[in-house]
Peer 1: 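Quick one: the structure is below, and I'll ask about it shortly.
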Amino acid sequence: MRKIGLTLLTAFAGGAMALGTYKVFEKNPAEGMTFEDRQKVYFASNKNTSNVVSSAGDVDFTQAAAAVTPAVVYIRTTYSAQQGRSSGRDPIEEMFGDMFGQRMQPQQSQPQRASGSGVIISTDGYIVTNNHVVANASKVEVTTNDHRVLQAKVIGTDPNTDLALIKVSATNLPIVKLGNSDDVRVGEWVLAVGNPFNLNSTVTAGIVSAKGRNIGIIGSEDNDDQQSSPFGSRSRYQQQPAAPRLNKAIESFIQTDAAINPGNSGGALVNTKGELIGINSAIASHTGSYEGYGFAVPVNLAKKVLNDLEKFGSVKRGYIGVSFQELNSDVAQTLKINTTNGLYVNELVAGGGAEAAGLQKGDIITKVEGNKVYESSDLQERVGRLQPGDKIHLTVLRAGAEKNFTITLKGEPAATNRTAANSKTAEELYNKLGASFQPLTQAQKSKFRLNSGVVVTQVRRGGFFENYDIPEGTIITGINGQAINSTNDIDKAITNLKNGQMVIEGYSADGMRFRNSFDVR
């Protein structure tokens, strides 16, 4: 008996030691996972989540509404008084921010305010919204469905898709399940969930009216005669541009007639299973209110953007490198060609993937990955989901015969150098910086002979980093005398101000050491 007791005691002790060792060394299981993978783990392990069954047969949306509403938030943003309508406002916001993001007129020197919606996609506080909802905001405030008010920091923005990722400090938040926008069919029932006219948690129903809509909102401010594409520039008119520009806007909206009004911007478009299929972004209206035409960014495109923003602080996008125009009967007659479907290649970007693969001026892109191309959005969204270095298969019509090409996407050229009142919270100060960051890789540490630091991956308009000429690629090693190795370190450092001064130290991309000091009072 004594031996048996000793054996059991030894076994229990060994088990306790093993468990203790595991707890010491275990890592966050979500680290390195995409938002979609995290959700799969969550829904697979959480037995309390209900399986919403499509109820389109009975036209009863109660289950889907109940599943989604708790995870759709109300967003209020504040803009400093000097950031008036004439001071660098986001061009897309100029086009539809007033009617869709509910920006209110400032009175004299009072701060501007705006509002919109957002969708929680991760239990630890990540929220997707529109870029035009949070662009240039000095303060982002999130109100949850259970009336909690939380400060949010802007993790990253992507004006090319009008998406943004923000984060609040909270845990165990309800989330909306990510769906598959490729499976969306014209005519199926959908719900729009958001906060129109400050009416929180409003649900409206409609159908999918169309897919792949390109309505010319994003990027049309870049110049007057071109619309942007994810791989070159698309000529809006018949004349060809003198030289192709690497414009980057991506439009492939899901169109719906679910009622969408000012304040819905950044809210959820879901199917009858309660799955997120799009982020509501724009309306077509003569009055600024609902007239039957709403547009949402498809979630499959949003997944790539949001994962990049969390991982890199900016979007890593690949480009084909062509300038093209959509074909129709009028364009075909002008170009003296026989086909009216596809994308006519006007020019090739020097050194781009298309040129390297052998495409030529005058080719007509007819298929992408074996699927027919009728308009630019058929190609835009497909390319927009890929990274630099990924390959894409195109079929082109040349001299009456179809030819197949495999194109390796090229990245965007490296960013070049670009020749406010103190906030009360770390989130507000972080947003005022107007930048996104990622910890240094081992290779970067070795290059600069550093043990810690973060690299600037995105610089947004109107922030301190743009105003003080701190460009992308800059290495930040210290703020206010504190070593910086993560965004959490930045949160701690920016609240430790002396006389309202923020001091940032680091290295430029070419290795030159710098020290900048600026007033944030």
Side-chain angles (χ1 to χ4, degrees), residues 28 30-31 33-36 38-39 42 46 68-79 101 113-158 163-178 193-195 198 200-201 263-268 276 279-280 302-303 305-311 313 423-438 458 460 463 486-495:
N28 181 357
E31 186 175 342
M33 297 174 66
T34 66
F35 288 116
E36 188 170 23
R38 295 181 207 179
Q39 289 203 355
Y42 171 80
N46 194 333
V68 173
T69 300
V72 176
V73 301
Y74 176 60
I75 297 176
R76 285 175 58 88
T77 50
T78 302
Y79 303 79
R113 291 184 174 86
S115 64
S117 303
V119 185
I120 306 173
I121 57 172
S122 181
T123 58
D124 57 350
Y126 285 99
I127 299 170
V128 55
T129 185
N130 284 142
N131 172 64
H132 76 266
V133 170
V134 299
N136 303 325
S138 58
K139 180 180 180 181
V140 180
E141 190 177 80
V142 170
T143 303
T144 63
N145 186 250
D146 58 2
H147 303 295
R148 282 183 288 169
V149 179
L150 305 169
Q151 297 294 313
K153 67 171 67 171
V154 178
I155 300 301
T157 63
D158 183 35
L163 291 172
L165 182 67
I166 65 177
K167 189 179 188 303
V168 296
S169 296
T171 57
N172 299 320
L173 293 174
I175 62 176
V176 177
K177 186 175 184 179
L178 299 177
V193 186
N195 305 283
N198 294 325
N200 291 359
S201 303
N264 273 111
S265 192
L276 186 69
I279 305 300
N280 297 321
K303 290 174 187 176
V305 171
L306 299 172
N307 287 323
D308 276 8
L309 291 178
E310 191 221 6
K311 186 176 181 180
S423 300
K424 295 181 180 179
T425 67
E427 287 83 3
E428 290 177 71
L429 279 171
Y430 187 98
N431 294 337
K432 280 180 174 290
L433 295 179
S436 296
F437 311 89
Q438 281 293 303
Q458 183 186 61
R460 297 184 284 276
S486 68
T487 54
N488 288 334
D489 292 338
I490 295 176
D491 286 342
K492 296 174 184 176
I494 60 180
T495 55

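Counting from 1, the numbers follow the sequence of the chain as shown.
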Peer 1: Starting at OG1 of T34, measure out to CD of Q39 and round the result to the nearest 0.5 Å.
Peer 2: 9.0 Å
Peer 1: Considering residues at least two apart in sequence or located in another chain, which fulfil the salt bridge (charged side-chain N to carboxylate O under 4.0 Å, His left out) criterion with K167?
Peer 2: none
Peer 1: In the structure I gave you, are the side-chain heavy atoms of V168 and L173 within less than 4.5 Å of one another anywhere?
Peer 2: yes
Peer 1: When rounded to the nearest 0.5 angstrom, what is the spacing between OG in S115 and OH in Y74?
Peer 2: 4.0 Å
Peer 1: Shortest non-hydrogen contact from G263 to S117?
Peer 2: O-OG, 2.7 Å
Peer 1: Which atom names give the shortest non-hydrogen contact between A268 and V68, and what distance separates them?
Peer 2: CB-CG1, 4.3 Å
Peer 1: Can you give me the closest heavy-atom contact between A71 and P174, atom names plus distance?
Peer 2: CB-O, 3.4 Å
Peer 1: Under a 4.5 Å cut-off applied to non-hydrogen side-chain atoms, are I75 and E141 in contact?
Peer 2: no
Peer 1: Distance-only check: which donor-acceptor pairs under 3.5 Å involve side-chain atoms of residues 150-157, not counting sequence neighbours?
Peer 2:
{"unit_1": "K153", "atom_1": "NZ", "unit_2": "D491", "atom_2": "OD1", "d": "3.0"}
{"unit_1": "K153", "atom_1": "NZ", "unit_2": "D491", "atom_2": "OD2", "d": "2.4"}

Peer 1: Do side-chain atoms of R460 reach the backbone of A435 as a donor and acceptor pair under 3.5 angstrom?
Peer 2: yes
Peer 1: Give, for atom CD of Q438 and atom CD of E310, the distance between the pair rounded to the nearest 0.5 Å.
Peer 2: 8.0 Å
Peer 1: Measuring only between side-chain heavy atoms, which start at C-beta, is T69 closer than 4.5 Å to V193?
Peer 2: yes
Peer 1: Considering only heavy atoms from C-beta outward, does the side chain of I127 approach that of L165 to under 4.5 Å?
Peer 2: no
Peer 1: With side chains defined as the heavy atoms from C-beta onward, is the minimum distance between L163 and V305 less than 4.5 Å?
Peer 2: yes
Peer 1: Are a donor atom and an acceptor atom from the side chains of N130 and S265 found within less than 3.5 Å of each other?
Peer 2: yes
Peer 1: Let me see the working for T123 and T171 under side chain to side chain contact (heavy atoms under 4.5 Å, CB included), right down to the final yes or no.
Peer 2: CA-CA 6 Å; T123 58; T171 57; over 6 Å; no
Peer 1: How far does CG of L309 sit from CD1 of I166, to the nearest 0.5 angstrom?
Peer 2: 12.0 Å
Peer 1: Please enumerate all residues that pass side chain to side chain donor-acceptor pair (under 3.5 Å) together with T143, with sequence neighbours excluded.
Peer 2: none
Peer 1: When rounded to the nearest 0.5 angstrom, what distance separates NZ in K177 from CD in E36?
Peer 2: 10.0 Å
Peer 1: Just verifying a value: how many Å separate L306 CG and K311 NZ, rounded to the nearest 0.5 Å?
Peer 2: 14.5 Å
Peer 1: What are the two closest heavy atoms between L178 and K303, and how far apart are they?
Peer 2: CB-CE, 4.1 Å
Peer 1: Can you list the residues that meet the side-chain contact (heavy atoms from CB on, under 4.5 Å) rule with S122, with sequence neighbours excluded?
Peer 2: F35, R38, D124, Y126
Peer 1: Could you walk me through whether I120 and V73 pass the side chain to side chain contact (heavy atoms under 4.5 Å, CB included) test, one step at a time?
Peer 2: CA-CA 7 Å; I120 306 173; V73 301; 3.7 Å; yes
Peer 1: Over all heavy atoms of both residues, which pair between T77 and A137 is shortest? Give the atoms and the distance, please.
Peer 2: CB-CB, 3.8 Å
Peer 1: Taking the side chain as every heavy atom from C-beta outward, state whether I121 and I175 have any pair of such atoms under 4.5 Å apart.
Peer 2: no
Peer 1: Tell me every residue that passes side-chain contact (heavy atoms from CB on, under 4.5 Å) with I490, counting only those two or more places apart in sequence or in another chain.
Peer 2: Y430, L433, F437, V454, I479, I484, I494
Peer 1: Could you pull out all residues at least two apart from T129 that satisfy side chain to side chain donor-acceptor pair (under 3.5 Å)?
Peer 2: none
Peer 1: Which residues pass the salt bridge (charged side-chain N to carboxylate O under 4.0 Å, His left out) test with D308, not counting sequence neighbours?
Peer 2: K304
Peer 1: With sequence neighbours excluded, what pairs up with D146 under the side chain to side chain donor-acceptor pair (under 3.5 Å) test?
Peer 2: T144, R148
Peer 1: Are the side chains of V142 and V149 in touch, meaning some heavy atoms are under 4.5 Å apart?
Peer 2: no
Peer 1: Among all residues two or more places apart in sequence or in another chain, which pass the side chain to side chain donor-acceptor pair (under 3.5 Å) test with S201?
Peer 2: N145
